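Below is one structure, written out as structure tokens; comments come after it.
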Amino acid sequence: MEKCKEERKLMKETVISDSSTFDDLHSFSDDDGENCFQSDNLDDDGTTHHLEYSEQICSSCVKKRRLTQTNLFQLWGVKNPADHGKSKNVKQTNLFQMWGFENPGKSKSVQKTTTSLASCKTQRVCPFYKRIPGTPFTVDAFRYGPVKGCSAYFLSHFHADHYIGLTKVWSHGPIYCTNLTARLVRICLNVSPSFICPLELGTEYDLKGIKVTMLDANHCPGAALIHFRLPNGQCYLHTGDFRASKLMQSYPLLANQRINILYLDTTYCNPKYRFPSKEEVLKFVVGVTRTYLNNYPKTIVVVGAYSIGKEHVYFAISKALGVKIYANASRRRILQSFGWAGISENLSTNRKDTPLHILPISSLKFEMLEHYLASQDRQYTRMLAFRPTGWTYSETIGENLSLIKPTSKGNITIYGVPYSEHSSFTELQEFVQFLRPEKIIPTVNVGNAVYREKMQSYFQQWLKA
DNA sequence: GCGATCAGCT
DNA sequence: CACAGCTGATCGC
């Protein structure tokens, strides 16, 4: 134990020195004594930065996995008797409690032996594609501690994989984001308001001599594309997470404007991802719901959702059926914070008032849904559930939604629907061919050199034409 | 005891 | 690989 502690300390020091090396290579001090990221650390072939793509971790610690307890009770699907005593002390936040009733007993079929690495902390280094060269800015880089040379931290949108590391003890610098994202950072993460700097969409700001504009990203509420114009005339666009749309082609900062570097959300940068438009998916979801309710009027409709995003799936059902939306208090609070007109009238605080319920997407499993249905005072005889996720796709289904077949068990039916808030391959192509940027830096799927090369070859093909 | 963070999992 | 998290475990305070 003590040995491990020492190793961790040693590793931390090692990593910090590595980090300094990186910064020494890629940053300089300007007249104010503030560090900026140089723009000349970027090569044209896109192959010379493999090291920078991988966030640094301690390999020696990874090898030293230490077994903790194997939970045989879970392995057997039996309740751990010791949990009875614990339950009084342990703060439980499981779904059953969220719904307001007892956990019927965890019976995960297979629970792997748990291992622990927390004792061997990994220290990551901010990868180059999160830094904006020639500026003291980073985008979605909160998990690296204070980033050397960074005096302003941008948050593109409020999803956990982008704000990870941002907590109420944050003190490494100002956080720039849209108004809506700023509210979420404050109310959900309790970050000190003194660090939160909300920016109006579509308004140009001068931040440390750089012209910055946030543009709607057509992703989740509050998500932004970030446009930077440097004093030397260079323009960079960071898409954060986005779904490219025709509307973006009318943004004054994008139409007929030169973009020198495009930091691109390449989540679905593969021709196999050809999913339908959001509108088509919404139409499909509403159609399925109507048909189902015609056949089985006593049906409860459930939509799975993450913290924010994909709200229109249940808004569409709500509107089409003329029913309110039930969501738990924390989700209602978040939805209210969007400041959307008329949202309050469509939310219900009582689950008995409406057949349309929103649940965490992780709870869309038959066992949990059966329990949820059983808890509804026999109001309903069936359940229809939707799981909206971009990964719910199949090459054969492609854009033909009628090929989607639900999975059913007993009186519960679950539809996976390809409602995506990221660009499809085609949308990416159109966006890049519209923007014709000088250079493209992918920000997703970059952990693997083969993928990186594949993506760069797509970019080249698109821009050849 | 609480919050932060991480590996593993989906 | 990643979506956008969740869970359990551990550690620092």
Side-chain angles (χ1 to χ4, degrees), chain A residues 1-2 4-5 8-9 12 53-55 57-58 61-71 73-74 80 83 86 88-98 103 106 108-124 140 142-145 157-171 188-191 219-220 223 241 243 265-270 272-273 275 304-310 359-365 368 387-393 416-423 442-455:
Chain A
M1 195 64 165
E2 199 54 40
C4 198
K5 242 180 185 173
R8 188 170 72 242
K9 197 177 167 189
K12 208 170 177 180
Y53 265 112
S54 57
E55 300 181 358
I57 58 165
C58 171
C61 277
V62 171
K63 281 177 200 154
K64 291 186 188 297
R65 295 190 174 187
R66 190 165 46 81
L67 287 182
T68 55
Q69 277 186 323
T70 303
N71 190 333
F73 299 104
Q74 290 198 344
N80 185 346
D83 285 346
K86 274 185 197 167
K88 277 177 191 163
N89 302 326
V90 175
K91 189 180 159 195
Q92 289 194 1
T93 51
N94 67 49
L95 292 167
F96 296 101
Q97 288 213 340
M98 254 171 80
N103 187 336
K106 294 177 185 175
K108 285 181 184 172
S109 51
V110 178
Q111 177 83 25
K112 245 185 91 182
T113 302
T114 53
T115 57
S116 170
L117 275 177
S119 57
C120 290
K121 204 171 175 177
T122 54
Q123 178 73 38
R124 290 178 164 79
D140 300 340
F142 298 93
R143 61 182 317 192
Y144 312 101
H157 65 290
F158 194 75
H159 274 155
D161 49 335
H162 292 258
Y163 65 66
I164 188 167
L166 187 50
T167 67
K168 70 175 180 182
V169 299
W170 175 266
S171 63
C188 298
L189 304 181
N190 291 313
V191 170
H219 183 65
C220 65
D241 278 359
R243 182 153 187 182
D265 165 18
T266 44
T267 300
Y268 295 120
C269 188
N270 184 315
K272 70 182 181 184
Y273 294 111
F275 38 72
Y306 293 120
S307 62
I308 71 165
K310 319 205 176 184
L359 295 181
I361 206 163
S362 58
S363 69
L364 290 207
K365 293 165 186 166
M368 291 180 167
R387 174 199 296 274
T389 158
W391 298 113
T392 309
Y393 105 102
V417 289
Y419 186 90
S420 173
E421 293 188 325
H422 293 272
S423 317
T443 61
V444 184
N445 291 319
V446 294
N448 177 315
V450 175
Y451 286 119
R452 288 199 299 272
E453 282 156 28
K454 193 77 193 159
M455 289 190 287

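Quick caveat: nothing in here was measured; it's all calculated off a predicted structure. All chains are named by letter (A, B, ...) in the order of the sequence lines, taking the proteins before the strands, and each is independently numbered beginning at 1.
The phosphate of C:dG5 (OP1 or OP2) has a side-chain N or O of A:S307 nearer than 4.0 angstrom. Residue A:T267 has a polar side-chain atom (N or O) positioned under 4.0 Å from OP1 or OP2 of C:dC3. In this structure, A:H159 reaches the C:dG5 phosphate: one of its side-chain N or O atoms is under 4.0 Å from OP1 or OP2. At C:dG5, none of the side-chain N or O atoms of A:S362 fall inside 4.0 Å of OP1 or OP2 (strictly under the cut-off).
When rounded to the nearest whole Å, the span between CG of A:L166 and P of B:dG3 equals 16 Å. To the nearest angstrom, C1' of C:dA4 lies 11 Å from CD1 of A:I164. In this entry the distance linking OH of A:Y144 with C1' of B:dC6 reads 14 Å, nearest Å. If you take NE2 of A:H162 and P of C:dA4, they are 6 Å apart, rounded to a whole angstrom. Distance, A:L359 CG to C:dG5 C1': 16 Å, rounded to whole Å. Atom-to-atom, CD1 of A:I361 to C1' of B:dT10 comes out at 11 Å; the value is rounded to the nearest Å. Whole-Å rounding puts the A:N445 CG to C:dA4 P distance at 12 Å. Spacing between atom CG of A:D161 and atom C1' of B:dT5 amounts to 16 Å, rounded to whole angstrom units.
The line from CG of A:N448 to CE of A:M455 is 8.5 Å long, rounded to the nearest 0.5 Å. Distance check, rounded to the nearest 0.5 Å: CD of A:E421 to CG of A:D265 gives 11.5 Å.
A ring-ring contact (aromatic ring centres under 6.0 Å, His included) with A:Y163 is found for exactly one of A:F158, A:F142, A:W170, namely A:F158.
Listed candidates were B:dT5, C:dG5, C:dA4. Nearest to the side chain of A:T167 is B:dT5.
Using a 4.0 Å heavy-atom cutoff across all strands shown, A:H219 reaches sugar-phosphate atoms only and no base atom. At the heavy-atom level, A:S420 lies nowhere under 4.0 Å from the strands shown. Nucleic acid contact for A:H422: sugar-phosphate only, since backbone atoms but no base atoms lie under 4.0 Å from a heavy atom of the residue.
Between A:Y306 and A:I361, the closest heavy-atom pair is CE2-CG2, 3.1 Å. Heavy-atom minimum distance, A:S362 versus A:M368: O-SD, 4.3 Å.
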